[in-house]
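In what follows, a structure is listed as structure tokens, so that the remarks can point back to it.
Below, chains carry the letters A, B, ... as their sequence lines are ordered, and counting in each starts from 1.
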There are 2 protein chains.
Amino acid sequence: MVVDQLRETELDRLFQAFADSTRRDIVRRVTVGEYSVSGLASLYAMSFAAVQKHVTVLERASLVTKEKRGREQIVRGNHEGLQKARRLLDEYEAIWQERVGRMAGILAEG
Amino acid sequence: MVVDQLRETELDRLFQAFADSTRRDIVRRVTVGEYSVSGLASLYAMSFAAVQKHVTVLERASLVTKEKRGREQIVRGNHEGLQKARRLLDEYEAIWQERVGRMAGILAEG
DNA sequence: CTATCGTACAACCAAATGGTTGTAGATCAG
DNA sequence: CTGATCTACAACCATTTGGTTGTACGATAG
């Protein structure tokens, strides 16, 4: 099980990335359209550097990709991170439903 | 939109709670069975107080509930938090699919 | 009653987080 | 070429986080 250490820190970064409303907003926006980093920065009441850091966090969580275009860096949504997050929560949901099934089974017996 | 501030910090706490492997493990375990706080603490290589703090984080995120039973505090899974997290990710997925639909539409036109 | 167990909580600490300003390198416009 | 724009990155700062130890208190067992 020691191998899973990789996946665990990956998930740490993923959910950590979601745990900030500015970052969640960035993810929504860059899924719909394309934005440069400064284009994103202009949307929020914080410095360019702060937004840049948020984008880096999202990139390391596979929620976003950056691609250089001229002097701009274009930020786009990356489905991969979202899929991984959803898969984990789906597992948790399955555990819940399993439990619900057991409860029903016990009721049926009794 | 200012009202959403509440929901945003709620989501912050929720995803923050998921952003730690010990806490994710606790959620899994208490969904399947019942554990006292010290019962949980015995599972991890950290102090009782540390686990107690993790449980508090999970409780504030509505991922877990505590119920006093004698001198023990029983920790159980709480579906509410999980549902909220899943609902958010489902919204994001919908935005993706919408985008995919638009792309297909453009291709059909051209 | 007394010891033990389970919990709560405070105080402390190191590291990470979320923000800032400042500097410097590319790229583009004129 | 020059100046403006976009990005990267370092240094710094306050707060939060994840951990520790220590103390106190209610509930239980003997």
Side-chain angles (χ1 to χ4, degrees), chain A residues 5 8-30 33-76 78 81, chain B residues 5 8-30 33-76 78 81:
Chain A
Q5 208 66 13
E8 289 301 314
T9 61
E10 193 188 350
L11 290 169
D12 288 357
R13 270 180 285 164
L14 235 186
F15 286 103
Q16 181 62 36
F18 273 118
D20 181 282
S21 65
T22 300
R23 286 195 294 260
R24 287 193 300 272
D25 192 63
I26 290 175
V27 169
R28 270 181 244 116
R29 290 185 186 267
V30 300
E34 286 184 0
Y35 287 83
S36 68
V37 179
S38 56
L40 284 171
S42 70
L43 301 170
Y44 309 103
M46 67 183 73
S47 69
F48 171 82
V51 174
Q52 208 178 11
K53 283 191 185 180
H54 282 309
V55 171
T56 300
V57 169
L58 290 170
E59 196 183 14
R60 287 179 27 102
S62 301
L63 283 168
V64 135
T65 62
K66 276 193 305 188
E67 188 192 346
K68 205 168 196 167
R69 195 166 67 190
R71 66 182 157 186
E72 294 186 331
Q73 198 82 257
I74 303 300
V75 184
R76 294 196 184 82
N78 183 3
Chain B
Q5 209 64 15
E8 289 301 314
T9 62
E10 191 187 351
L11 289 170
D12 288 355
R13 269 181 285 164
L14 192 46
F15 286 103
Q16 180 62 36
F18 272 117
D20 181 283
S21 64
T22 301
R23 286 195 293 260
R24 287 193 299 272
D25 192 63
I26 291 175
V27 168
R28 271 181 243 115
R29 290 185 186 269
V30 301
E34 286 184 0
Y35 287 83
S36 68
V37 178
S38 55
L40 286 170
S42 70
L43 300 170
Y44 309 103
M46 68 184 72
S47 69
F48 171 83
V51 174
Q52 207 177 12
K53 283 190 185 182
H54 282 309
V55 171
T56 300
V57 169
L58 290 170
E59 196 183 14
R60 287 178 28 104
S62 302
L63 283 169
V64 134
T65 61
K66 279 193 304 187
E67 187 191 348
K68 205 167 194 166
R69 195 168 66 191
R71 67 181 157 186
E72 294 186 332
Q73 197 83 256
I74 303 299
V75 182
R76 295 195 183 82
N78 182 3

Just compare D:dG26, D:dT17, C:dT21 and give me whichever is closest to any side-chain atom of B:Gln16.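 Looking only at side-chain atoms, B:Gln16 lies closest to D:dT17.
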
5' priority, DNA chain C, between B:Phe48 and A:Lys53 [closest heavy atom]: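 Checking each residue's closest nucleotide, the 5'-ward one belongs to B:Phe48.
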
Nearest heavy atom decides the nucleotide; on that basis, is A:Ala50 or A:Gly70 closer to the 5' end of DNA chain C?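 The 5'-side residue here is A:Ala50.
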
Counting just side-chain N and O atoms, does [X] come under 4.0 Å of either OP1 or OP2 of [N]?
X: B:Ser47; N: D:dG19; result: no
X: A:His54; N: C:dG19; result: yes
X: B:Lys66; N: C:dA8; result: yes
X: A:Arg23; N: C:dG18; result: yes
X: A:Arg69; N: C:dT27; result: no

Euclidean distance, atom [atom1] of residue [X] to atom [atom2] of [N] [Å, nearest integer]:
X: B:Lys68; N: D:dA27; atom1: NZ; atom2: P; value: 6 Å
X: A:Met46; N: C:dT21; atom1: CE; atom2: P; value: 13 Å
X: B:Gln73; N: D:dG26; atom1: CD; atom2: C1'; value: 12 Å
X: A:Asp12; N: C:dA16; atom1: CG; atom2: P; value: 13 Å
X: B:Arg60; N: D:dT16; atom1: CZ; atom2: C1'; value: 12 Å
X: A:Glu72; N: D:dA4; atom1: CD; atom2: P; value: 18 Å
X: A:Leu40; N: D:dT5; atom1: CG; atom2: P; value: 19 Å
X: B:Arg71; N: C:dT7; atom1: CZ; atom2: P; value: 9 Å

Regarding [X] and [Y], does a basic nitrogen lie under 4.0 Å from an acidic carboxylate oxygen?
X: A:Glu10; Y: A:Arg60; answer: no
X: A:Glu8; Y: A:Arg13; answer: no
X: A:Asp25; Y: A:Arg29; answer: yes

Could you tell me whether B:Gln52 contacts a base, only the sugar-phosphate backbone, or nothing, with contacts defined as non-hydrogen atoms closer than 4.0 Å?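 Base: the residue B:Gln52, judged by heavy atoms under 4.0 Å, touches a nucleobase.
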
Using a 4.0 Å heavy-atom cut-off across all strands, classify B:Thr22 as base, sugar-phosphate, or nothing.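 No contact.
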
With salt bridge (charged side-chain N to carboxylate O under 4.0 Å, His left out) as the criterion, how do A:Lys66 and A:Glu72 come out once you've worked through the C-alpha distance, each side chain's angles and the decisive distance to 0.1 Å? CA-CA 10 Å; A:Lys66 276 193 305 188; A:Glu72 294 186 331; over 6 Å; no

Would you give the length of the straight line joining atom OH of A:Tyr35 to atom CZ of A:Arg76, rounded to the nearest 0.5 angstrom?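 Answer for the OH-CZ pair, A:Tyr35 versus A:Arg76, is 13.5 Å.
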
